[in-house]
Number of protein chains: 2
Amino acid sequence: MQSPTGVGFLLSQMGVFVSDGFAERVAALGLTPPQVGVLRLISQTPGLSQQALADRLGILPSRMVGLVDDLEARGLVERSRNPQDRRLYALHPTERGWETLASVSVIAVEFEREVCAPLSEREAGVLTDLLRRLADGHELPVGVHLGYRHLTEGDAG
Amino acid sequence: MQSPTGVGFLLSQMGVFVSDGFAERVAALGLTPPQVGVLRLISQTPGLSQQALADRLGILPSRMVGLVDDLEARGLVERSRNPQDRRLYALHPTERGWETLASVSVIAVEFEREVCAPLSEREAGVLTDLLRRLADGHELPVGVHLGYRHLTEGDAG
DNA sequence: TATTGTTATACTCTATAACTATA
DNA sequence: TATAGTTATAGAGTATAACAATA
């Protein structure tokens, strides 16, 4: 921990607070944050294979198996074989998957409101802008959470 | 994953980025972030017992044992028995412990500079202020990192 | 021979609970 | 009997490496 009053410490502290809060809220839907991330990406580009998915999220293929297993077991995602290359799956959200994503979206909007509650609307806007410029400046991938990636390829920091 | 453009997502994403970066940098001193937290608290209130320490950081006593073991093995912290109650230890930094803390401080200042590099000095000040008001508004303990605490007592979120 | 998905295994981190020594 | 510290065990989460099916 750096000086417990600096930007670094506050970012790290708030990051854990937000991550925990979000995890707690989507747990009400029976989901974990990594599952939500996978489900969302499948909805954005339906038909993707597991490894393509794993690649984009920085998750190991072996780990993706279990995540998709769970989503399939909950009836949120469908595995269909790609007839052109029967090694690949083509992943699609089910109707229930789309509904669940809508619920996640509602939760996210509400949670966003709670997180920003101590600030005025204008201040929240300023904060968003500053954070986005930080993320851009450090070349963080847009919309991909670092917490998903594996750390074996020297990509930490 | 909330909407990958909102404050919540950005805070979580930047939080991981900063935590990883800090961990990587103090690893050069042979330390982990929890060890740094323990060492710093011992320096702030020397003579504390292990359980008092554990209490303040939200760490389990059994976990504190290993953390102090490591710090002692590296010659950064001394365990001396409290003569009034021989069940308790009194923990103090060694001279090398104080030196290491100074090095951590240098690392932290430098890292703070790197994190804020994409912003002007004035903007970094605004960001600090907004983050501090968020942390205050959500009643996050000052200077205690949530990542240390155990989650068994329903205190997540 | 290379690639997708899978499984089996190991490793890290941390919580739980039982133990000792002091009080 | 209660408390500080310790140890031993177990559980969650994730990485590594070997494997089967398909190309």
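Just so it is clear: chains get the letters A, B, ... in the order the sequence lines come, proteins before strands, and each one is counted from 1.
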[X] [atom1] to [N] [atom2], straight-line distance once rounded to whole Å:
X	N	atom1	atom2	value
A:H145	D:dT14	NE2	P	12 Å
B:L60	D:dA4	CG	C1'	14 Å
A:L67	C:dG5	CG	C1'	14 Å
B:I59	D:dA4	CD1	P	17 Å
B:R86	D:dT3	CZ	C1'	15 Å
B:Q84	D:dT3	CD	C1'	17 Å

What does the list of N/O pairs under 3.5 Å between the protein and nucleotides 5-12 of chain D look like, with a distance for each?
residue	atom	partner	partner atom	Å
D:dG5	OP1	B:Q50	N	3.0
D:dG5	OP1	B:Y89	N	3.1
D:dG5	OP2	B:Q50	N	3.3
D:dG5	OP2	B:Q51	N	2.6
D:dG5	N7	B:Q51	NE2	3.3
D:dT6	OP1	B:Y89	OH	3.4
D:dT6	OP2	B:Q50	OE1	3.1
D:dT6	OP2	B:Q50	NE2	2.8
D:dT6	OP2	B:R79	NH2	3.2

Angle by which the axis turns from one end of the helix from C:dT1-D:dA23 to C:dA23-D:dT1 to the other, five pairs per end, to 10 degrees: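 It works out to 30° between the end axes.
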Flag the pair B:R96 and B:E78 as a salt bridge only when some basic side-chain nitrogen lies within less than 4.0 angstrom of an acidic carboxylate oxygen. no
Does the side chain of [X] reach to within under 4.5 Å of the side chain of [Y], using non-hydrogen atoms?
X	Y	result
B:R132	A:L10	yes
A:W98	A:S43	yes
A:E72	A:L76	no

Could you tabulate the donor-acceptor pairs under 3.5 Å formed by side-chain atoms of residues 50-65 of chain A, not counting sequence neighbours?
residue	atom	partner	partner atom	Å
A:Q50	OE1	A:R79	NE	2.9
A:Q50	OE1	A:R79	NH2	2.8
A:R63	NH1	A:Y148	O	3.3

Could you list the residues that satisfy side chain to side chain contact (heavy atoms under 4.5 Å, CB included) with A:A124, not counting sequence neighbours? A:C116
Sequence neighbours left out, cut at 3.5 Å: what donor-acceptor pairs do the side chains of residues 28-36 of chain B make with other protein atoms?
residue	atom	partner	partner atom	Å
B:T32	OG1	B:Q35	N	3.4
B:Q35	OE1	B:T32	N	3.0
B:Q35	NE2	B:D70	OD2	3.2

Quick test of your reading: applying ring pair (Phe, Tyr, Trp, His ring centres under 6.0 Å), list the pairs with at least one residue in residues 113-143 of chain B, sequence neighbours left out, ordered by first then second residue.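 Only A:F17-B:H138 qualify under ring pair (Phe, Tyr, Trp, His ring centres under 6.0 Å).
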